[in-house]
S.K.: 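I am attaching a structure below and will ask some questions about it afterwards.
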Amino acid sequence: MGRDKITVIGAGNVGGTAAQRLAEKDCYDVVLLDIIPGLPKGKALDLAQSAAICGYTGQLTGTTDYKDTADSSVVVITSGIPRKPGMSRDELLETNVKIVKSVVEQVVEHSPNAILVIVSNPLDAMTYVAHKVSGFPKERVLGMAGVLDSARFRASIAKELAVSVQEVHTMVLGGHGDSMVPLIGSTTVAGAPIRDLVSEERLNELVDGTRHGGAEIVKLLEKGSAFYAPSAAAVQMVEAIMKDRHSILPCATLCKGEYGIQDVFVGVPVKLGRRGAEQIVEIALTSDEQAALAKSTADVKELCHQIDGMLT
Ligand code: APR
């Protein structure tokens, strides 16, 4: 039996970096696909030539042909138009709906048993599109946002306290937008509650920094948006799935009553394993957090209503 195949759709910054990270795991054959012919081929060739130096042995394929993606175990979808400075994630909506729809239709045709990990923005809405278009069970359609937002929050707390980021535990739930919900009540540093270590005022500033973490990078880069942390987050999800880790990571998933959320794709803690989203884990929220999650969910729901009009 060969290696599992992981396909990455979109060979841009996030997709190319995700392919590199996946290749370096030395566990998978990696297929990189884009509509621009030279891009996936060039990046796959460059990655294949790195193998002799980095020591990985899986196959690397760059392509525009979905036949090469056949029977993928996981498909990471990064195709889309990234945010420009000053542009909100939601403004990307219409273009990215069309792109994600056409990509998912072709992915499903060639890999009917794959697990989809969506990265394209606006994230929760694109995950909804992928679920609707694929017809896959909800366990096999996940969105990557919470891992990234949590990593950003962890990084800012670690910097504030001058401790290793490994000591900082937190989760950011809700939609991947300005209404995301960092769980302050369950944020700890080496087991100590964050509120014992950082003033409320300063905490609010750190939360604000996390909410605008993506926009800050867009502004600094001037061209394109963040890709190191987004690709790392997507690959962490792929690894949790492929290695059947049962890791509990915040992912966009379809809630069916959990956290009081009915039929909306939004970020909540999910147990990830070989079957995909194995379980939504319900952790105790403060009443403020619960209210913020409801508000964030309402924002996502509104966006999905708009999309329903575009998909018919
Ligand atoms: N099929 C395949 N690939 C496509 C399609 C399509 N229909 N449409 C666009 N693409 C490709 C583009 O050609 C481009 O190479 O998607 C790639 C996107 O790459 P970048 O522009 O570099 O964007 P990136 O920074 O990788 O972000 C990708 O992730 O974080 C999100 O908001 C971000 O939605 C964006 C996505």
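Both counts, for ligands and for their atoms, begin at 1 and track the order of listing.
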S.K.: If you look only at pairs with a residue in residues 124-137, which of them pass as a salt bridge (Lys or Arg N to Asp or Glu O under 4.0 Å), with sequence neighbours excluded?
M.R.: K132-D308

S.K.: N/O to N/O below 3.5 Å, does that happen between Y66 and ligand 1?
M.R.: no

S.K.: Counting heavy atoms only, which of D34, L33, T17 comes nearest to atom 12 (C) of ligand 1?
M.R.: D34

S.K.: For atom 27 (O) of ligand 1, which candidate among V14, N13, T64 provides the closest heavy atom?
M.R.: V14

S.K.: Find all atoms of ligand 1 within a distance of less than 4.0 Å from any non-hydrogen atom belonging to I36, and give their numbers and elements.
M.R.: 13 (O)

S.K.: Taking the side chain as everything from C-beta on, heavy atoms only, tell me whether C251 gets closer than 4.5 Å to M237.
M.R.: yes

S.K.: Does S79 approach ligand 1 within less than 4.0 angstrom via side chain, backbone, both or neither, non-hydrogen atoms only?
M.R.: both

S.K.: Would you confirm whether Q290, through its side chain, and D288, through its main-chain N or O, come within 3.5 Å as a donor-acceptor pair?
M.R.: no

S.K.: Applying side chain to side chain donor-acceptor pair (under 3.5 Å) between T170 and each of T210, T187, T188, report the one that passes.
M.R.: T187

S.K.: Would you call the rings of Y66 and H110 parallel, tilted or perpendicular, where under 30° means parallel and over 60° means perpendicular?
M.R.: parallel

S.K.: Hey, is ligand 1 close enough to S120 that some N/O pair sits below 3.5 Å?
M.R.: no

S.K.: In terms of atom number and element, which parts of ligand 1 are under 4.0 angstrom from non-hydrogen atoms of L39?
M.R.: 15 (O)

S.K.: Any chance the side chains of S231 and R21 put a donor and an acceptor closer than 3.5 Å?
M.R.: yes

S.K.: For ligand 1, which atoms sit closer than 4.0 Å to a heavy atom of T78?
M.R.: 28 (C), 36 (C)

